[in-house]
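As structure tokens, the structure follows; a few thoughts come after it.
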Amino acid sequence: MMALQEQAVLAGGIQIQNLRKVYGQGDTAVEALKRVNMQVSPGEVVGLVGPSGSGKSTLLKCLGAIIEPTSGRMLLGDELIYEDAWKVKDLRSLRRDRIGFVFQAPYLIPFLNVTDNVALLPMLAGVPNALARARANELLAALDVAHRAQAQPSQLSGGEQQRVSIARALANRPPVILADEPTAPLDSERALSVMRILNRMAQQAQTAIIVVTHDEKIIPTFKRIYHIRDGETHEEAGLGRSVD
Ligand SMILES: Nc1ncnc2c1ncn2[C@@H]1O[C@H](COP(=O)(O)OP(=O)(O)OP(=O)(O)O)[C@@H](O)[C@H]1O
Ligand SMILES: [Mg+2]
């Protein structure tokens, strides 16, 4: 049993050790992350909270292989992906297959309709088009935007665009989801329903999820929260209020 559980922990999950990120050089250098330590188990949804400019987006972008850290270690499951340099050759497939990223601004592809924005990555990963679209529409329904499936992104409200971008991050069923302020433009009911979907995803698919947020509506839902201050993280127990 012990071995099985260890196996499960190794199968997904996130570990970040002594991560540092300095932007720029010399006089204009900004040390956005000084010493970040974080651990997220498969099936867990943790909150990441901190003041504006404290490094939250920087941390998610490092973990999501969008920018390169300066030093430290990062593991996805049992695989060392970064140790003072990238240890993975193909960062593009790491981003595409293993990480679902919800950006602070929803970068939808303007010339694809809503369904195809969500179905695109699974299609690129080899899922037959009809199946990818059916799954996309299921996710859109769960996020309460199915009625906009045929619309172009520019025809959606900010909150609708954000829900589509959440559906897109979930579409490939990645083992890791990184969400930067996913509920900021949403009303309380929709914000909680996004948290319900993320928690369900974590439980059912053993996804490890980090949610950056200032949102007072959703903070009580986390069992564990990391606070980031002056480039360092501090862990705290959350309320873990059920959203079901
Ligand atoms: N590309 C960049 N070049 C230089 N400095 C940057 C860059 N991106 C971010 N920074 C700086 O790094 C620090 C952390 O920024 P980051 O965007 O990670 O903060 P944040 O916690 O996400 O803030 P917010 O809550 O406002 O989104 C800030 O001081 C910011 O000005
Ligand atoms: Mg940010």
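All values reported here derive from a predicted model rather than from experimental measurement. Counting starts at 1 for both ligands and their atoms, in listed order.
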At what distance is the nearest protein heavy atom to [atom], and which residue and atom is it?
| atom | answer |
| --- | --- |
| atom 26 (O) of ligand 1 | S52 OG, 2.6 Å |
| atom 9 (C) of ligand 1 | Y23 CE1, 3.4 Å |
| atom 27 (O) of ligand 1 | Q104 NE2, 3.1 Å |
| atom 17 (O) of ligand 1 | S57 CB, 3.8 Å |
| atom 28 (C) of ligand 1 | G53 O, 3.7 Å |
| atom 30 (C) of ligand 1 | V30 CG1, 4.9 Å |

* To do: Taking all non-hydrogen atoms of both residues into account, name the closest pair between Q162 and P182 and its distance.
  => CG-O, 3.1 Å

* Measure across Q161 and L156 and return the closest heavy-atom pair with its distance rounded to 0.1 Å. => NE2-O, 3.3 Å

* Considering the options V49, V46, V45, which one meets the side chain to side chain contact (heavy atoms under 4.5 Å, CB included) requirement together with F222? -> V45

* Of the options L108, I109, L112, which is the one that meets P153 in a side chain to side chain contact (heavy atoms under 4.5 Å, CB included)? ->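 By the side chain to side chain contact (heavy atoms under 4.5 Å, CB included) criterion, P153 pairs with just one of L108, I109, L112: L108.
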
* **Proximal ligand 1 atoms for P51, defined as those under 4.0 Å from one of its heavy atoms** =>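 Near P51, the atoms of ligand 1 are 21 (O).
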
* To do: Provide the number and element of each atom of ligand 1 under 4.0 Å from a heavy atom of S54.
  =>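 Ligand 1 atoms under the 4.0 Å threshold to S54: 19 (O), 21 (O).
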
* Asked: Would you say G55 touches ligand 1, if touching means a heavy atom closer than 4.0 Å?
  ->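 The answer is yes, since G55 has a heavy atom less than 4.0 Å from ligand 1.
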
* Asked: Out of curiosity, is H214 lining ligand 1, as in a heavy atom under 4.0 Å away?
  -> yes

* To do: Indicate if I197 and I218 have the same hydrophobic cluster label, given that clusters are the connected sets of ILVMFWY residues with side-chain heavy-atom separations under 4.5 angstrom.
  => yes

* State plainly whether one hydrophobic cluster holds both L75 and L94, where clusters connect Ile, Leu, Val, Met, Phe, Trp and Tyr through side-chain heavy atoms under 4.5 angstrom apart. => no

* Select the closest option to atom 25 (O) of ligand 1 among K21, K61, E31, K56, judged by heavy-atom distance. =>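 Of the listed residues, K56 has the closest heavy atom.
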
* Asked: Would one find an N, O or S atom of S52, in either backbone or side chain, under 2.8 Å from the Mg ion (ligand 2)?
  -> no

* To do: Could you tell me whether the Mg ion (ligand 2) has an N, O or S atom of T58 under 2.8 Å away?
  =>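 No - counting backbone and side chain alike, T58 has no N, O or S atom under 2.8 Å.
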
* To do: State whether the shortest distance between N or O atoms of T58 and N or O atoms of ligand 1 falls below 3.5 angstrom.
  =>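 Looking only at distances, the answer is yes, because the N/O contact criterion of under 3.5 Å is met.
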
* Measure the acute angle between the ring planes of F101 and F103, then classify it against the limits of 30° and 60° as parallel, tilted or perpendicular. =>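 Judged by the thresholds at 30° and 60°, the geometry between F101 and F103 is parallel.
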
